[in-house]
Amino acid sequence: MTQRLRSSQGWPPIAAPLAACLTGLLTWLVIALSFGAGSAAAALPDNFYRVNVPVASRSAEDRRTAAGQGLRVMLTRLTGLTDVADSPPVAKATANPEDYFSQYRYVRTQRFDDWGQPITELEVTFVPAALRRLQAAAALPLWPLNRPRVVLWLLEDDGGEQRLISDAQHPLADALLAHSRWRGLPMTLPGGDAVDVANITARAALRGDPEALARAGARYDAQISLLGRVESLGDDNWLVRWTAQQGERPQRLRLSGGLANVALAPVDMIADALVAQFTVAGGRGGQLALEIAGIASVAAYGGVLKYLGSLSYVSEVAVRELRGSSLLVDVTTGSDAAKFLQLLAVDARLVAIERSGDPLSTAVTAQPVPLGAEPVLSTPAGVLQVSWQD
């Protein structure tokens, strides 16, 4: 991501002492923001840019093939597309994946092939900046990295009692977590301690109580709850009643059959809804003007620019001027104004505000849209007003 910082042509008298300090920080901020560009949001797991792919052998040819498959997995995570088109830039990259990863190693798994041999995987760690360049070259859409976290509640029927599944090796939990990693959807399986058991009662689960699910999910900093009431009907035969909850509007599925039948659809339902809501166009995009209130110190100035620089859907930040405690900036993004505010609302560091009597600004409000609902936002014009939450 490019950072382009401009000084104002004239600092207002009230801002002069602060301006003098801020001017000295410009060089430092250019360096710091360049290294911070494209960093994952807090909700993403540490291994977001690491992919494990089965590999036939340790030959260079098989390693290149497996790494190319891993690169396609990364493109799925970054774009939200389950099938990335084989455009010339993508085809060239997958044929020569060495340009996009920093390290690899071979891992022997506990799974076995049809001949009873342990399956070996190639574990590849990709470079975020290189992937971002590939996305831009291929004009691929961008699913921003500040994604809502999903907490997974699995309640298994055990002789009439509801038992909370907390073992990540449980077949259903393992299948759900694996598919969520492939889609790039942050998902947490609770530890199942006494607090969790108390929060997710059988009665609350049966009703799909949104308030109970929200309280239980808050412990894991989750914005979305996925609740599955599970019955094992035999060898790889399951019946699961799913409820996905964000806000007051639940989405429900009733699925039966093998793991592939019952585990993939709820993850895809959530991921597809988020992708449709938050994905921005590929390429450089256009500019939006922001007026950011609450910039009363050098720390706030540095914090807001570092934050903007970390957003994957912002490719450039240009400082226009400082008006008292309000900072004016231009951001280059592939998002339109309404979606930009919606994306900011996910982690609420920059909050849309209403202000009357200022013809240069537009009063706007934005909140994350619940799953399955259509965004209800008018696209603002002019300067978008937001407040920095330090």
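Computed over heavy atoms, backbone and side chain alike; hydrogens, waters and symmetry mates excluded. The shown structure was predicted, so the numbers you read here are calculated from the model rather than taken from an experiment.
- Taking all atoms of both residues into account, the shortest heavy-atom contact from Leu122 to Val55 is N-CG1, 3.9 Å.
- Both Trp238 and Met269 are members of a single hydrophobic cluster when ILVMFWY side chains are connected at heavy-atom separations under 4.5 Å.
- Side-chain atoms of Ser335 and Thr333 form no donor-acceptor pair, as typed in the model, at a separation below 3.5 Å.
- Comment: Glu291 does not engage Arg320 in a salt bridge, judged by the lack of any side-chain N to carboxylate O separation of less than 4.0 angstrom.
- Aromatic ring orientation, Trp182 versus His179: parallel (interplanar angle below 30°, classes split at 30° and 60°).
- For the side-chain contact (heavy atoms from CB on, under 4.5 Å) test with Tyr307, the passing option among Val314, Leu350, Val317 is Leu350; the others fail.
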Verify salt bridge (Lys or Arg N to Asp or Glu O under 4.0 Å) between Arg133 and Asp99, making sure each step is shown before the conclusion. CA-CA 11 Å; Arg133 288 194 294 271; Asp99 294 337; over 6 Å; no

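- Atom CD of Glu61 is surrounded by 12 or fewer heavy atoms from other residues, nucleotides or ligands within 6.0 Å.
- Of the N and O atoms on the side chains of Arg183 and Thr76, not one donor lies less than 3.5 Å from an acceptor on the other residue.
- Aromatic pair Tyr313/Phe340: centroids less than 6.0 angstrom apart.
- Using a 4.5 Å cut-off on side-chain heavy atoms (C-beta onward), Phe101 and Val51 make no contact.
- Salt bridge annotation for Arg108-Glu121: absent, with no cationic side-chain nitrogen under 4.0 angstrom from a carboxylate oxygen.
- Grouping the Ile, Leu, Val, Met, Phe, Trp and Tyr side chains by contacts below 4.5 angstrom, directly or via other members, places Tyr104 apart from Val107.
- Residue-environment remark: CG (Asp193) exceeds the threshold of 12 foreign heavy atoms within 6.0 Å.
- Classification of Arg163 and Asp157 as a salt-bridged pair fails, no side-chain N sitting under 4.0 Å from a carboxylate O.
- With hydrophobic clusters built from ILVMFWY side chains whose heavy atoms lie under 4.5 angstrom apart, Val150 shares a cluster with Leu255.
- Within the model, atoms CD1 of Ile165 and CD of Glu156 stand 4.0 Å from one another, a figure rounded to the nearest 0.5 Å.
- Side chains of Ser387 and Gln389: a donor-acceptor N/O pair is present below 3.5 angstrom, by distance only.
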